[in-house]
Amino acid sequence: MSTRTNTNLQLDAYIRELLESCAELTQKNSVQTLERWLHHEQHGYPYEMPLPSYRLLECSQQGLFTDHDSKIQRLESIHAGTLSARDRCQLQYIGMREPLYDYLEISQVIRHPWPEKLIQQYTHELIPGMICLQAWQVIDNPPVSRMLAGMLQHLYGLLTSSGDELFSHFNPTICKLGEHYPLVKPFWQSRPHHHQAHYMQYND
């Protein structure tokens with residue numbers, strides 16, 4: 001069983017409360033852009049829909065290789081320089097389309113398998129003398145820790161574009177949540193400069 005840190009636990013609790021607060025806000029104020037965003041964060045993004053940039057996470061590449069002679073199998077990193085420019089672009093990011101709640105409490109490595117066509121193309125091309133049997137895109141740290149700062153930036157953008165009144169309603173909630181989860185402070189402090197003075201009056 002993997003050990004979860006206090007920061008991970010606070011991060012999960014913070015996001016749950018944040019989405020609950022957003023849901024309460026949308027019940028009181030009908031803002032379609034905020035409602036759509038909340039729906040997709042809670043239920044996931046369909047494949048035909050572009051993802052917000054914070055849900056595109058840069059990843060590394062790893063493969064299971066076997067030696068031509070000894071047939072011993074081992075995991076090896078795959079260097080980007082061994083791939084064509086087109087394939088590097090295809091594999092550079094993992095799109096996180098599942099509901100946000102599905103990524104909470106994840107502390108193990110995330111692996112997305114390469115398309116079979118790519119594995120066949122690079123079977124003998126990645127490491128001299130080695131055969132690639134399988135390959136994955138890999139994220140080796142909890143995904144929400146990398147998504148949260150961008151998610152808050154996106155949420156602030158939605159709130160500020162919906163008018164000062166809506167921002168004023170929700171701004172104190174964001175600040176109080178940050179105070180309740182001090183280990184998450186580096187994330188919620190990564191906010192846009194727009195309305196920063198307004199934000200800071202609740203944070204003195």
Side-chain angles (χ1 to χ4, degrees), residues 1-12 14-16 19 36-155 184 186-187 190:
M1 182 179 296
S2 58
T3 302
R4 309 201 63 238
T5 67
N6 286 337
T7 301
N8 291 50
L9 294 171
Q10 285 201 17
L11 193 61
D12 293 353
Y14 175 83
I15 288 177
R16 292 182 191 280
L19 293 184
R36 283 197 298 269
W37 174 81
L38 181 62
H39 173 82
H40 290 307
E41 290 300 323
Q42 291 176 324
H43 301 285
Y45 289 79
Y47 279 93
E48 66 275 9
M49 182 177 184
L51 285 170
S53 59
Y54 62 85
R55 277 180 167 261
L56 295 171
L57 299 187
E58 192 166 5
C59 60
S60 58
Q61 313 300 322
Q62 190 177 67
L64 176 64
F65 293 84
T66 183
D67 186 273
H68 271 297
D69 300 319
S70 68
K71 306 303 180 186
I72 295 174
Q73 296 183 3
R74 64 176 187 261
L75 288 172
E76 295 284 352
S77 295
I78 297 173
H79 298 290
T82 61
L83 306 173
S84 70
R86 182 187 63 184
D87 294 333
R88 280 200 303 272
C89 289
Q90 179 181 347
L91 296 169
Q92 185 177 5
Y93 298 96
I94 294 179
M96 313 299 282
R97 292 190 173 274
E98 301 304 315
L100 188 60
Y101 292 122
D102 289 3
Y103 298 119
L104 302 182
E105 302 178 4
I106 290 180
S107 55
Q108 70 271 25
V109 171
I110 293 178
R111 285 189 175 93
H112 281 205
W114 280 19
E116 187 61 34
K117 182 179 179 181
L118 279 183
I119 296 176
Q120 292 175 2
Q121 178 182 340
Y122 287 101
T123 298
H124 302 280
E125 306 296 326
L126 297 172
I127 300 178
M130 304 288 287
I131 300 171
C132 181
L133 304 175
Q134 293 176 276
W136 302 270
Q137 297 168 283
V138 177
I139 294 176
D140 57 8
N141 52 15
V144 290
S145 66
R146 296 172 59 181
M147 293 164 60
L148 182 56
M151 187 183 81
L152 286 176
Q153 295 274 1
H154 190 84
L155 176 58
V184 187
F187 297 103
S190 298

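These numbers come from the heavy atoms of this one structure, side chains and all, not from hydrogens, waters or symmetry mates.
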Does the side chain to side chain contact (heavy atoms under 4.5 Å, CB included) test come out yes or no for Tyr54 and Leu152, once each step is laid out? CA-CA 9 Å; Tyr54 62 85; Leu152 286 176; over 6 Å; no
Is there a side chain to side chain contact (heavy atoms under 4.5 Å, CB included) between Leu75 and Trp136? Walk through the geometry before answering. CA-CA 11 Å; Leu75 288 172; Trp136 302 270; 3.7 Å; yes
Work out which heavy atom in Pro115 is nearest to a heavy atom in Gln90; give both atom names and the distance. CG-NE2, 3.8 Å
Looking at every non-hydrogen atom in both residues, tell me the closest pair between Ile110 and Pro143 and how far apart they are. CD1-CG, 3.6 Å
Quick one: pull up [atom1] in [X] and [atom2] in [Y] and give me the separation to the nearest 0.5 Å.
{"X": "Ser53", "Y": "Met147", "atom1": "OG", "atom2": "CE", "value": "10.5 Å"}
{"X": "Tyr122", "Y": "Ile78", "atom1": "OH", "atom2": "CD1", "value": "10.0 Å"}
{"X": "His39", "Y": "Tyr45", "atom1": "NE2", "atom2": "OH", "value": "10.0 Å"}
{"X": "Leu57", "Y": "Ile94", "atom1": "CG", "atom2": "CD1", "value": "7.5 Å"}
{"X": "Leu155", "Y": "Glu41", "atom1": "CG", "atom2": "CD", "value": "9.5 Å"}
{"X": "Cys59", "Y": "Arg146", "atom1": "SG", "atom2": "CZ", "value": "8.0 Å"}

Heavy-atom side-chain proximity of [X] to [Y] below 4.5 angstrom:
{"X": "Val109", "Y": "Gln62", "result": "no"}
{"X": "Asp67", "Y": "Met130", "result": "yes"}
{"X": "Tyr101", "Y": "Leu19", "result": "yes"}
{"X": "Gln61", "Y": "Gln137", "result": "yes"}
{"X": "Gln120", "Y": "Trp114", "result": "no"}
{"X": "Leu51", "Y": "Met96", "result": "no"}
{"X": "Phe65", "Y": "Leu126", "result": "yes"}
{"X": "His40", "Y": "Pro52", "result": "no"}

With no hydrogens and no angle check, is any side-chain donor or acceptor of Arg97 less than 3.5 Å from a backbone partner on Met49? yes
Please check if the side chain of Thr66 supplies one atom and the backbone of Gln73 the other of a donor-acceptor pair under 3.5 Å. no
What I want to find out is whether Arg55 reaches Glu98 closely enough, with some N-O distance under 4.0 Å, to be called a salt bridge. no
Worked check of side chain to side chain contact (heavy atoms under 4.5 Å, CB included) between Leu148 and Tyr14: CA-CA 10 Å; Leu148 182 56; Tyr14 175 83; 3.8 Å; yes
Is it the case that atom NE2 in His79 sees more than 12 heavy atoms from other parts of the structure closer than 6.0 Å? no
Show, in sequence, the C-alpha distance, side-chain angles and deciding distance for Leu118 and Leu91, and conclude whether the side chain to side chain contact (heavy atoms under 4.5 Å, CB included) test is met. CA-CA 10 Å; Leu118 279 183; Leu91 296 169; 4.0 Å; yes
Hey, what's the ring geometry for His68 with His124, parallel, tilted or perpendicular (30° and 60° as the breaks)? parallel
